[in-house]
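Everything below concerns the one structure shown next.
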Amino acid sequence: KPSAIDAPTSPIAPVRSAAGVMSATSNLTCTGQTLTLVSTPGSVNHSGATLSANSLLMSAATGINLSATTTVNILSAVNTTGTFNITSNTSFPMTINSISNTGGTITINGSGSIVVNGNINSGASQTYLQTSTNSISQTAGTITSGTLRLRGQTGVQINSFTALSMEVVNGGAGVINIVKPAGNLS
C-alpha cells in the first residue's frame, strides 16, 4: 500500500520512510534544514506543490521522481533501479554531492547553476544535466555514464568523467571546457 508524506513547515527537518512507494503532493518545506526521504523497498515521488530545503538526501530502490517546484542547495541521492528525475520548475544553484542510480537514468533539469561536487553514477545508462539560465561546472568527483548529456546556458566545464558517448551544448555566452579522460569516448 502506498504511503503519503505530509510534512509541515517546521524548524525541525522531517525524516520520512515508507515500507513501499512514498508519494507526496503537498508542500514539503524545511527552510535552512536537511530533508531526508527514504523508501528502501520502493520509490520516492513528489508532484504538485513545492519541495524546499537547504539539503535534500534521498534513498530509494525503484525510482526517484520529483516533478514539483524544487528548491534545494545541496543534493545527495541513492537509487538502485529505475529512473532518477528532478524536473519542472527546479530552482538552482544546486550542488550535487552524490547521485548513484547504476540501474537507470539520471535527469536534472531546471534553472540556475549546477555544481558537481561529488560522484554521479548512472552505470551504462544516461546522465542528463540541464540548466536553462546558467552554467554547469565540476569541482570534485567523477561522472560515470553510458551517455553523458550536458546543456548549459552560460558555460559547461567538466573535468572528470567516464562515458561511451557525450553531447555538450551551451546555448549562450560562456565557454565549453571538457577535459577528456583516459580511455575511449565515442
Side-chain angles (χ1 to χ4, degrees), residues 3-18 21-40 42-61 63-80 82-101 105-122 127-143 150-160:
S3 62
I5 310 167
D6 276 320
T9 301
S10 168
I12 299 171
V15 175
R16 305 287 187 225
S17 47
V21 175
M22 177 185 291
S23 295
T25 57
S26 61
N27 291 340
L28 298 175
T29 304
C30 297
T31 306
Q33 300 291 316
T34 297
L35 174 61
T36 303
L37 303 175
V38 178
S39 180
T40 311
S43 62
V44 172
N45 303 294
H46 188 254
S47 61
T50 63
L51 186 150
S52 177
N54 181 53
S55 295
L56 178 60
L57 310 174
M58 296 181 290
S59 178
I64 296 174
N65 295 289
L66 307 180
S67 61
T69 299
T70 303
T71 305
V72 296
N73 295 322
I74 301 168
L75 173 67
S76 295
V78 174
N79 185 55
T80 308
T83 61
F84 176 95
N85 293 310
I86 299 180
T87 59
S88 180
N89 298 319
T90 301
S91 178
F92 304 123
M94 179 186 289
T95 298
I96 300 170
N97 280 349
S98 67
I99 299 175
S100 177
N101 189 33
T105 63
I106 295 172
T107 301
I108 297 179
N109 184 352
S111 62
S113 63
I114 299 174
V115 178
V116 177
N117 191 42
N119 294 333
I120 297 176
N121 187 346
S122 64
T127 295
Y128 179 47
L129 305 178
Q130 176 176 325
T131 172
S132 61
T133 62
N134 216 303
S135 64
I136 299 171
S137 63
Q138 184 176 25
T139 57
T142 298
I143 301 172
L150 307 168
R151 292 182 178 261
Q153 192 64 26
T154 61
V156 177
Q157 298 185 343
I158 300 294
N159 56 33
S160 180

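Keep in mind it's a predicted model, so treat the numbers as computed, not measured.
Applying the side-chain contact (heavy atoms from CB on, under 4.5 Å) test to Gln153 and every residue at least two apart in sequence or in another chain returns nothing. Checked against side chain to side chain donor-acceptor pair (under 3.5 Å), Thr83 has the following partners two or more places apart in sequence or in another chain: Asn65, Asn85. Partners of Thr133 by side-chain contact (heavy atoms from CB on, under 4.5 Å), not counting sequence neighbours, listed by chain and number: Ser111, Thr131. Considering only residues two or more places apart in sequence or on other chains, Asn97 meets the side-chain contact (heavy atoms from CB on, under 4.5 Å) condition with Ile74, Ser76, Thr95, Asn117.
Under the side chain to side chain contact (heavy atoms under 4.5 Å, CB included) rule, Ile120 has a single partner from Ile108, Thr142, Leu129, which is Leu129.
Here the CE-OG1 distance, from Met94 to Thr70, works out to 7.0 Å after rounding to the nearest 0.5 Å. Here Ile99 contributes atom CD1 and Ile86 contributes atom CD1; the two are 6.0 Å apart, rounded to the nearest 0.5 Å. Here the straight-line distance linking atom CG of Asn121 with atom OG of Ser100 works out to 5.0 Å at 0.5 Å rounding. Atom-to-atom distance recorded for Gln130:CD and Thr87:OG1 is 11.0 Å, nearest 0.5 angstrom.
Here the closest heavy-atom approach between residue Val44 and residue Ser59 is recorded as CG2-O, 4.0 Å. Shown here for Ala77 and Ile64, the closest heavy-atom pair between the two residues is CB-CD1, 4.3 Å. When every heavy atom of Ile136 is checked against every heavy atom of Gly152, the shortest pair comes out as CD1-N, 4.1 Å. Considering all non-hydrogen atoms of both residues, Gly63 and Asn79 come closest at N-OD1, 2.9 Å. Heavy-atom minimum distance, Ser137 versus Ile158: C-CD1, 4.5 Å.
Side-chain N or O atoms of Asn119 include none that pairs as donor or acceptor with a backbone N or O of Gly141 at under 3.5 Å.
Two residues are said to be in side-chain contact when any heavy atoms from C-beta on lie closer than 4.5 Å; Ser160 and Gln138 meet this criterion. Considering only heavy atoms from C-beta on, Leu75 comes within 4.5 Å of Met58 through its side chain.
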Taking only distance into account, with no hydrogens and no angle test, what donor-acceptor pairs under 3.5 Å do side-chain atoms of residues 47-57 form with protein atoms, sequence neighbours excluded?
{"from": "Thr50", "atom 1": "OG1", "to": "Asn27", "atom 2": "OD1", "distance (Å)": "3.2"}
{"from": "Asn54", "atom 1": "OD1", "to": "Asn73", "atom 2": "ND2", "distance (Å)": "2.8"}

